[in-house]
Structures are given as C-alpha cells and as structure tokens.
Amino acid sequence: MTHSDAAANASSAPGLLLHLAGPLQSWGGHSHFNQRDTAPHPTRSGVIGLLAAALGRARQEPVSDLATLRLTVRTDRGGVLLRDLHTVGGGLPAAQTVTTAQGKKRSGDTGTLLSHRYYLADAAFTAALTPGPDAPPGLLTACADALAAPRWPLYLGRRSCPPAGPVLIGVFDDPLHHLIHLPLAAPPPRERAPAAEVELIGDRPLDHLPLPPELRPSDPAEAARPTGQLHDEPPSFHPRSRSHHARPVFRRRYTPPREQWAGHGIDHLQRLAAYRAQTTPEGARR
C-alpha cells in the first residue's frame, strides 16, 4: 500500500471527534519539578490519559491499545497563557516539610518552595482520534461509550482543569473531513479584518488532508515534514515507571469560510448540534 493509499484509508475510516474546551487547560510538554509548563495544544499523553480515565483504568494498567489511536487537533481558540504561582511546604513543622532527594527534610529558609504552573485560559480545540493499523477491533466504540458515561472524572491535562461540557462530539465516518468543516468554537473575525487561519497539529503527515482549494491550505509538501518533536508518547502511566517517548509533530493551516466561525458557548453548541443533525446517520453515528 502506498503512502497516499494509507492516508486516504485513514481519512475515510471511522473516528472520534472531541471538543476540548474549558476555563483552564494544561498540557504538560516539558514539566519538571517545580516548573509545570503547558503545550499550546492538547498532547497525546494528555488525550490518552483522558481516555484512560473515562474507561476507568488505573495508572498501572496498560495503555498500549490507546496508543494505537492517531491524534489530529484543530485549534479553534488558542487561549491566553496564564501563570499561577504556588508555594509548597511553608509554615509547617520540620518533619512535614518537603523531602529532599536524599530523603531528608528541608528546614529554615529552605522549607518553602515556589512552583510555577502554566495554563491555557479560555482555549478551545477540536480533536480527531482515528485508528492506526494496529488498533484492536471495538476500541473506538469502547472509547466513545466511556466518554459518553465516564467512569472517572475527565480533565484537560491536569486534574484542576475540568472540561466546560461534554467532550464527545460523536463517532464520524471520514472524521478528518468533519474536523475541517465542523463549526469553530470562536467568534468570526471582524468585518474588515483579514481572513483568519486555523492550524491543524497531527502526529502523522498532514499532506493528504481533504482540504479543498477554496480554503487556501498551506503547502502540502511542508505538511509532510515534521516541524519538531514532542515528548508526549506514553508507554505507561505507572507511577514507578512513568516516561514519555519523543514523536514528530506535523502542522498545516487553512482559512475557514466566515460562516464556519460559530462563536462562544450556547451559540457554538447550537451550531454543532445543527451540523450533527445534517450528517446523521450518514456521517455521525453517535
């Protein structure tokens, strides 16, 4: 099978579409000790963790099946970067202060640590999850059922970041087509402002996305090459062996028509419901 054939098959296969929006999101990219950063978009580890929570999996349970899903994210609203300053260990007796790497307790002026935690405020993303060639049968259905009735609370990268509403949009045939055409959770650009672009971020090449020429897509040759790497591929979430592998990041941009920008809150949800009604049962199966 050629690369073009594989890309076409992946595009037309059923997949999940998710709405990831909330007051705060935090998708750690290089978080280390007291510096807790956020990537500017949802990460693979964060979305796989969200699915694991919905399924009710404990941290020591395997996620190798979930790692077979491919992730493509559309940035509806990039949000605003917010830094939150935390103090840890201050005002406590010596025996209750932060433990050092040597197993001792901090004391005196060293007992209080500063922690900088970063969030995306008022961001919104639409994500497509499509099965890779090794995805087990029934995985999408199991994930869709779990997201509709999650076993454990869902959160957007960090437990303090619950979603603003239902995460699952539905199970769609040709999900990448709908990822491009679903209403955007953002207001339209001002009348005299230049047309606004939307960015797509994927873990596979994006040169074969079904983008019609009227959307003025960016160069497919550039979308076939990675723009960088993220260490967000989780072999395991086990507390004693948690690690992340590097994977390539691919990007592509396009210019949606003005009528695709659906606004905030209830306006966007109503437009989303109308879109789904038009695609059921042919396009959306949930």
Practice prompt. With rounding to the nearest 0.5 Å, note down the distance linking CD1 in Ile48 to CG in Leu66.
Written response: 6.5 Å
Worksheet item: Going by atom types alone, do Thr126 and Asp76 pair a side-chain donor with an acceptor below 3.5 Å?
Response: yes
Practice prompt. Verify side-chain contact (heavy atoms from CB on, under 4.5 Å) between Val171 and Leu16, making sure each step is shown before the conclusion.
Written response: CA-CA 5 Å; Val171 182; Leu16 305 182; 3.5 Å; yes
Item to complete: Could you point out which residue of Val73, Leu129, Ile169, Leu71 forms a side chain to side chain contact (heavy atoms under 4.5 Å, CB included) with Leu18?
Response: Leu129
Item to complete: Any chance you could measure Ile180, atom CD1, to Gln260, atom CD, to the nearest 0.5 Å?
Response: 9.0 Å
Worksheet item: How about Arg151: does its CZ atom have over 12 heavy atoms from other parts shown lying under 6.0 Å from it?
Response: no
Worksheet item: Are Trp261 and Val198 close enough that some pair of their side-chain heavy atoms sits under 4.5 Å apart?
Response: yes
Worksheet item: If only atom types and distance count, is the side chain of Arg74 paired as donor or acceptor with the main-chain N or O of Leu182 below 3.5 Å?
Response: yes
Worksheet item: side-chain contact (heavy atoms from CB on, under 4.5 Å) between Leu176 and Leu200: does it pass, once the steps are laid out?
Response: CA-CA 10 Å; Leu176 297 182; Leu200 298 164; over 6 Å; no
Worksheet item: Is the shortest heavy-atom distance from the side chain of Thr38 to the side chain of Gln25 under 4.5 Å?
Response: no
Worksheet item: Same cluster or not: are Leu55 and Phe237 linked, directly or through other Ile, Leu, Val, Met, Phe, Trp or Tyr residues, by side-chain heavy atoms under 4.5 angstrom apart?
Response: yes
Fill in: Candidate pair His177 and Phe172, rule side-chain contact (heavy atoms from CB on, under 4.5 Å), full reasoning
CA-CA 9 Å; His177 166 84; Phe172 285 76; over 6 Å; no
Discussion item. Checking Glu233 against Arg247 for the salt bridge (charged side-chain N to carboxylate O under 4.0 Å, His left out) test, could you report, in this order, the C-alpha distance in whole Å, the side-chain angles of both residues, the deciding distance, and whether it holds?
Written reply: CA-CA 7 Å; Glu233 188 69 55; Arg247 57 93 175 177; 5.3 Å; no
Discussion item. Quick one, Glu61 with Val63, criterion side-chain contact (heavy atoms from CB on, under 4.5 Å). Give me CA distance, side-chain angles, the key distance, then yes/no.
Written reply: CA-CA 7 Å; Glu61 293 186 65; Val63 292; over 6 Å; no
Discussion item. Looking only at the aromatic ring of each residue, does the gap between the centers of Tyr275 and His178 stay below 6.0 angstrom?
Written reply: yes
